[in-house]
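Here is how names work: the chains are called A, B, and so on, in the same order as the sequence lines, proteins then strands, and each is numbered from 1.
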Protein chains: 2
Amino acid sequence: MENKVTDAELAILQVLWRNGPSTVREVNDIIAEERQVGYTTTLKLLQIMLEKGLVTRDATDKSHRYWAVVQEKAIQRTLVGKMLDTVFHGSSSALVMQALGNHEPTPEELIKIKEFIERIEAQQRDE
Amino acid sequence: MENKVTDAELAILQVLWRNGPSTVREVNDIIAEERQVGYTTTLKLLQIMLEKGLVTRDATDKSHRYWAVVQEKAIQRTLVGKMLDTVFHGSSSALVMQALGNHEPTPEELIKIKEFIERIEAQQRDE
DNA sequence: AGAGATCTACGAAAGATTTCGTAAATATTT
DNA sequence: AAATATTTACGAAATCTTTCGTAGATCTCT
């Protein structure tokens, strides 16, 4: 992953991940709910993201429709990895505990996490 | 937390967290191992961080000694919180699984995490 | 004390990111 | 078909971050 994704780009990607293929206006309407952003700003960002290959578009109609090329999981992986390296010294357990302490999951989610851990443990035993 | 901590500032904070109160030269020597950075760049950044209140210093001696005011845990909390909001839709379990998948912890760490989860579960039962 | 080394302060350049204004093209309405 | 709306393209301004050069102060060594 050579290209860094900036904050403004990430905000746009989130809209595209959530809503699927969208026009500039649709994206901008949603971004503008949060903070004041002009239409051409969003347009310009999407054009930059197109160049970087973060998104693609269908330019058949007058208002082009954009969608994310980079997948949310890939960005999650990159960002978690960077965070592990920079502020957690590579300790995933420290990150995990911070995350759990930060925003407590539901009982169901806790069970899922435990199952996930047990799968890792089983795998480690086989090695 | 009003002030955003930039990447260059974070790199300096990491040195201060690891090594404790340090002079500009000491900080710069360590940063410069990784990437080429001039002495006055590090100096300027520390002065900016001083203004922002991220660090403080003892200016008794000629070479001032700086240390972090903001604690590593606080930054971890902030960054994990931001990440939860932006790319994980508030789902700490998704973040946890990404972290565990990303960089597998040692068996000992896994046990610590399980204990941590069990403490949360016990607490949830009491509510 | 004088020369040389090291340090701080700080403005300003350089670089990166975000924002917007304007022009031209395309669509819509009357 | 003319007037009005909306859209794209794109340069450039505005803003934020990082980097450095220079001046002057302080220390060290001879």
Side-chain angles (χ1 to χ4, degrees), chain A residues 1-16 21-67 70 75 78-79 82 86-87, chain B residues 1-16 21-67 70 75 78-79 82 86-87:
Chain A
M1 178 102 28
E2 172 55 37
N3 275 336
K4 192 196 169 198
V5 175
T6 69
D7 283 350
E9 288 170 349
L10 194 53
I12 288 178
L13 283 175
Q14 282 172 87
V15 174
L16 296 180
S22 311
T23 63
V24 176
R25 178 144 312 275
E26 287 164 353
V27 172
N28 186 248
D29 281 353
I30 290 175
I31 304 265
E33 286 172 9
E34 297 282 314
R35 54 202 189 81
Q36 195 259 336
V37 183
Y39 176 85
T40 53
T41 299
T42 301
L43 171 64
K44 178 70 168 188
L45 279 169
L46 276 164
Q47 288 169 344
I48 291 169
M49 292 165 79
L50 181 66
E51 270 190 7
K52 290 193 188 175
L54 291 173
V55 300
T56 185
R57 72 180 177 187
D58 176 354
T60 308
D61 294 338
K62 184 197 172 190
S63 12
H64 305 170
R65 200 160 277 277
Y66 292 79
W67 59 93
V70 57
I75 295 287
T78 302
L79 291 182
K82 188 188 166 192
T86 55
V87 273
Chain B
M1 179 101 27
E2 171 55 39
N3 274 335
K4 192 196 167 199
V5 175
T6 70
D7 283 351
E9 288 170 348
L10 194 53
I12 288 178
L13 283 175
Q14 283 174 83
V15 174
L16 296 180
S22 311
T23 63
V24 176
R25 179 143 314 274
E26 286 163 355
V27 172
N28 187 249
D29 281 352
I30 290 175
I31 304 265
E33 285 171 11
E34 297 282 314
R35 56 203 187 78
Q36 196 258 337
V37 182
Y39 176 85
T40 53
T41 300
T42 302
L43 170 65
K44 178 70 167 187
L45 280 169
L46 276 164
Q47 288 169 344
I48 292 171
M49 293 165 79
L50 181 66
E51 269 189 9
K52 291 194 188 174
L54 291 172
V55 300
T56 185
R57 72 178 177 189
D58 176 353
T60 308
D61 294 338
K62 185 194 172 192
S63 13
H64 305 170
R65 199 160 278 276
Y66 292 79
W67 61 93
V70 57
I75 295 287
T78 302
L79 292 182
K82 187 188 166 191
T86 55
V87 273

S.K.: Who are the salt bridge (Lys or Arg N to Asp or Glu O under 4.0 Å) partners of A/Arg65, not counting sequence neighbours?
M.R.: A/Glu26
S.K.: Considering every strand shown, what is the Watson-Crick or G-U wobble mate of D/dG21 when both distances are under 3.5 Å?
M.R.: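 Per the H-bond distance test, C/dC10.
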S.K.: Taking only residues two or more places apart in sequence, or in another chain, which ones meet B/Glu9 in a side-chain contact (heavy atoms from CB on, under 4.5 Å)?
M.R.: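 Partners of B/Glu9 under the side-chain contact (heavy atoms from CB on, under 4.5 Å) test: B/Val5, B/Thr6, B/Ile48, B/Met49, B/Lys52, B/Leu54.
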S.K.: Run the side-chain contact (heavy atoms from CB on, under 4.5 Å) test against B/Ile31 and tell me which residues pass, sequence neighbours left out.
M.R.: B/Ala11, B/Ile12, B/Val15, B/Val27, B/Arg35, B/Val37
S.K.: Which value, rounded to the nearest 0.5 Å, describes the distance between B/Leu16 atom CG and B/Leu46 atom CG?
M.R.: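 Here the rounded value is 6.5 Å.
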S.K.: Go ahead and name the base partner of C/dT26; Watson-Crick or wobble counts if both distances stay under 3.5 Å, otherwise write none.
M.R.: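 Its partner: none found.
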S.K.: Look up atom CG in B/Asp29 and atom CD in B/Glu33, then write down how far apart they are to the nearest 0.5 Å.
M.R.: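 Here the interatomic distance stands at 7.5 Å.
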S.K.: To the nearest 0.5 angstrom, please state how far the CD atom of A/Gln47 sits from the CG atom of A/Leu45.
M.R.: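 Atom-to-atom, A/Gln47:CD and A/Leu45:CG are 9.5 Å apart.
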S.K.: B/Lys82: which residues meet the side-chain contact (heavy atoms from CB on, under 4.5 Å) condition with it, sequence neighbours left out?
M.R.: A/Asp7, B/Thr86
S.K.: Can you list the residues that meet the side-chain contact (heavy atoms from CB on, under 4.5 Å) rule with B/Thr40, with sequence neighbours excluded?
M.R.: none
S.K.: Identify the 5'-most and 3'-most nucleotides of DNA chain D with at least one atom closer than 4.0 Å to a non-hydrogen atom of chain B.
M.R.: D/dT17 to D/dC27
S.K.: Expected output is a numbered-order residue list: members of residues 55-65 of chain A with a heavy atom under 4.0 Å from any atom of DNA chain D. What is it?
M.R.: A/Arg57, A/Lys62, A/Ser63, A/His64
S.K.: Taking syn as any angle within 90 degrees of 0 and anti as the rest, which one fits D/dA5?
M.R.: syn
S.K.: With sugar-phosphate meaning primed atoms plus P, OP1 and OP2, does A/Glu9 contact a base, only sugar-phosphate, or nothing at under 4.0 Å between heavy atoms?
M.R.: nothing
S.K.: Under a 4.0 Å heavy-atom cut-off, which of residues 27-37 of chain A touch DNA chain D?
M.R.: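 Close to the strand, none.
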S.K.: Which residues pass the side chain to side chain donor-acceptor pair (under 3.5 Å) test with B/Asp58, not counting sequence neighbours?
M.R.: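 By the side chain to side chain donor-acceptor pair (under 3.5 Å) rule, B/Asp58 matches B/Thr60.
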S.K.: Let me confirm one number: the CH2-OG distance from A/Trp67 to A/Ser22, rounded to the nearest 0.5 Å.
M.R.: 11.0 Å
S.K.: Between CD of B/Gln14 and CD1 of B/Ile30, what distance do you get to the nearest 0.5 Å?
M.R.: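 The CD1 atom of B/Ile30 is 11.5 Å from CD of B/Gln14, to the nearest 0.5 Å.
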S.K.: Is B/Val55 close to B/Leu13 at the side-chain level, that is, under 4.5 Å between some pair of heavy atoms?
M.R.: yes
S.K.: If I take atom CG in residue B/Asp7 and atom C1' in nucleotide C/dA16, what distance separates them, rounded to the nearest angstrom?
M.R.: 12 Å
S.K.: Can you tell me how far apart CD (A/Gln36) and OG1 (A/Thr41) are? Round to the nearest 0.5 Å.
M.R.: 8.5 Å
S.K.: Heavy atoms within less than 4.0 Å of DNA chain D: which residues of residues 38-46 of chain B have one? Give them sorted by number.
M.R.: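 Residues of residues 38-46 of chain B under 4.0 Å from DNA chain D: B/Gly38, B/Thr40, B/Thr41, B/Lys44.
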